[in-house]
Asks: 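First the structure, then my questions, so here it is.
Proteins come first, then strands; the chains are lettered A, B, ... in the order of their sequence lines, and each starts at number 1.
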There are 2 protein chains.
Amino acid sequence: MRRIAESTVRRLSLYLSFLEEIEARGVPTTSSEDLARLGGTTSAQVRKDLSFFGSFGKRGLGYSVPELSARLRRILGLGRQWRVCIIGAGKIGAALARYAGFTERGFIVSAVYDSDPSKIGSRWGNVKVRDEASLERDIEAGDYQIAVLAVPADSAQNLADRVVRAGIKGILNFAPVQLTVPNDVALRAVNMAMELEALTFAITNKVD
Amino acid sequence: MRRIAESTVRRLSLYLSFLEEIEARGVPTTSSEDLARLGGTTSAQVRKDLSFFGSFGKRGLGYSVPELSARLRRILGLGRQWRVCIIGAGKIGAALARYAGFTERGFIVSAVYDSDPSKIGSRWGNVKVRDEASLERDIEAGDYQIAVLAVPADSAQNLADRVVRAGIKGILNFAPVQLTVPNDVALRAVNMAMELEALTFAITNKVD
DNA sequence: ACATGTGAACTGCTTCACAGCG
DNA sequence: CGCTGTGAAGCAGTTCACATGT
């Protein structure tokens, strides 16, 4: 497949969330204009984004909401269940383990890994805290395709290396460091410091 | 000031984190080449990014680490203290309230707001849980410049409207909805669903 | 008539390549 | 000589505008 821009993928996610919202309200069809308004973009942008993957609309009519949302789910890889583990049973790991958003989107979080013996073995709702030492074994057994890294900055690269070697397919990194992974492993990062600094930059250099 | 690309600001944050790291190790100078290697970009990109704000290096020598990091801190608006409140004392709000990363970067989190009477009045470390009803009063009194929204999707826009009316300067949104704010208010969003879907898209449409 | 799908034009970010200066 | 700083070139993402199909 032709290379798709990061920004396009993010907008597809957005469109999907709007579609799910209006689908729940029973609205049968929508248009590129509607989606653009909800997503703060233009109708041409919406049509261009979709056009990379096929033509899903009817000229003169718009898009079938259930059909388009199904297509987007498939495009985004949401047609299947994804098993996720969280690494690091600290504050962020704990919040993520209990975050309902994962399940709602079909992501199954069944375990958190930590090396602290006082945490190992406990249960947080449906999620159990397991020994970090068994991480490789569990990934190799196919228990997870995605790892969420919620560990301190100085151990993040080491853990990333370990899960990559064990065959993980994607990593979502919450540690405030730039990770290096082979480019057949998908990597995304959520960096609080970066977001806050983007805010303070914008506030400080107000243009409007 | 000329408009600066989002991507440039994010890279400046990255450069700063590298500079702080090597500054702590006592390295006196660095080069665009060094910063590029650490940040996964090119030396030309680094120089171009910096050039929007002045010329901080010495030809033939590179950059003074303490000087460049000080300049970047100033550019990013980190030369002052920022007061931050967290809105929503749920799982995410709790994790954020305890997150050390804020303080390390000079962000002062002194309160979490919630409307649940059973939570109001309690203390989490240095952070107290306050009544959401007093949010406007406190913002108007100048207690916070930045609000972090950690509330359910369906109340996020309403709370954003309230803090904007009270005069907040920036919002970091963790709720999975697209917020609308006047464009003199800085807005950033962290959307877990979007990050996960970017991962599953990449895994599903593996190109390499 | 109406909204999609898409080449073409445009805008803006990135990369190149070299002049400038320590 | 080495590395920065920067116009110019190249490339990627967005917007335009209209032909196309219902």
Side-chain angles (χ1 to χ4, degrees), chain A residues 1-15 18-19 22 27-69 71-72 75 198 201-202 205 207, chain B residues 1-15 18-19 22 27-72 75 194 198 201-202 205 207:
Chain A
M1 186 195 297
R2 181 187 149 180
R3 205 192 156 280
I4 301 296
E6 191 53 51
S7 51
T8 295
V9 178
R10 288 179 51 191
R11 283 192 299 269
L12 294 178
S13 273
L14 255 187
Y15 304 154
F18 300 145
L19 286 165
I22 62 181
V27 178
T29 60
T30 188
S31 64
S32 57
E33 194 57 48
D34 289 346
L35 292 172
R37 195 161 351 88
L38 293 164
T41 181
T42 65
S43 61
Q45 180 75 80
V46 174
R47 295 196 299 278
K48 183 66 88 180
D49 287 339
L50 297 176
S51 76
F52 296 128
F53 303 93
S55 46
F56 311 129
K58 289 203 185 344
R59 292 166 196 250
L61 288 170
Y63 303 89
S64 151
V65 170
E67 189 187 315
L68 185 56
S69 68
R71 300 298 290 266
L72 286 181
I75 290 165
F201 176 84
N205 305 277
V207 205
Chain B
M1 186 193 299
R2 180 187 150 183
R3 205 191 157 284
I4 301 296
E6 190 55 51
S7 50
T8 295
V9 178
R10 288 178 51 192
R11 282 191 300 266
L12 294 178
S13 274
L14 255 187
Y15 303 154
F18 299 145
L19 286 165
I22 62 180
V27 178
T29 60
T30 188
S31 65
S32 57
E33 193 57 47
D34 288 346
L35 292 172
R37 196 161 351 90
L38 292 165
T41 180
T42 66
S43 62
Q45 180 76 80
V46 174
R47 294 196 300 276
K48 183 66 90 177
D49 287 339
L50 297 176
S51 76
F52 296 129
F53 304 93
S55 46
F56 310 129
K58 293 210 184 335
R59 292 165 197 248
L61 287 170
Y63 303 90
S64 149
V65 170
E67 190 187 315
L68 185 56
S69 68
R71 303 298 289 265
L72 286 181
I75 290 166
M194 215 175 265
F201 177 83
N205 305 276
V207 203

Asks: Nearest whole angstrom, please: distance from the C1' of D/dT15 to the CG of A/Asp49.
Replies: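 To the nearest whole Å, that distance equals 12 Å.
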Asks: More 5' along DNA chain D: A/Gly60 or A/Ile4, using each one's nearest nucleotide?
Replies: A/Ile4
Asks: Given side chains that start at C-beta, do those of B/Arg47 and B/Tyr63 come closer than 4.5 Å, heavy atoms only?
Replies: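 In contact.
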Asks: What is the minimum heavy-atom distance between B/Ser32 and B/Ser43, and which atoms define it?
Replies: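 For B/Ser32 and B/Ser43, the tightest heavy-atom pair comes out as OG-CB, 3.5 Å.
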Asks: Check whether any side-chain heavy atom of A/Thr41 lies under 4.5 Å from a side-chain heavy atom of A/Asp49, and answer yes or no.
Replies: no
Asks: Could you check A/Leu61 against B/Gly57 and say which one's nearest nucleotide on DNA chain D is further toward the 5' end?
Replies: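 This one resolves to B/Gly57.
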Asks: Any side-chain heavy atom of B/Ile22 sitting closer than 4.5 Å to one from B/Thr30?
Replies: yes
Asks: May I ask you to evaluate whether A/Arg11 reaches the phosphate of D/dT14, defined as a side-chain N or O under 4.0 Å from OP1 or OP2?
Replies: yes
Asks: Mind running a 4.0 Å heavy-atom check of residues 30-48 of chain A against DNA chain D and sending the residues that fall below it, in number order?
Replies: A/Thr42, A/Ala44, A/Gln45, A/Arg47, A/Lys48
Asks: Can you check the A/Arg3 CZ to D/dA12 P distance for me, whole Å?
Replies: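 So the CZ-P distance, A/Arg3 to D/dA12, works out to 9 Å.
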Asks: How long is the line joining CD of A/Glu6 and C1' of D/dT14, in whole Å?
Replies: 16 Å
Asks: What pair of heavy atoms forms the shortest contact from A/Glu67 to A/Phe56, and how long is it?
Replies: OE2-O, 3.8 Å
Asks: Return the value, rounded to whole Å, for the distance between atom CZ of A/Phe52 and atom C1' of D/dT14.
Replies: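 The answer, rounded to whole Å, is 10 Å.
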Asks: Just how far is it from atom CZ of A/Phe201 to atom CZ of B/Arg10, taken to the nearest 0.5 Å?
Replies: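 Between atom CZ of A/Phe201 and atom CZ of B/Arg10 there are 14.0 Å.
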Asks: Using atom CG of A/Leu50 as one end and atom P of C/dT6 as the other, report the distance to the nearest whole Å.
Replies: 11 Å
Asks: Within the pair B/Tyr63 and C/dG22, is there a side-chain N or O less than 4.0 Å away from OP1 or OP2?
Replies: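 Indeed not, no polar side-chain atom of B/Tyr63 lies that close.
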Asks: Is it the case that D/dT4 (base atoms only) and B/Arg59 (side chain only) share a donor and an acceptor within less than 3.5 Å, ignoring hydrogens and angles?
Replies: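 Yes.
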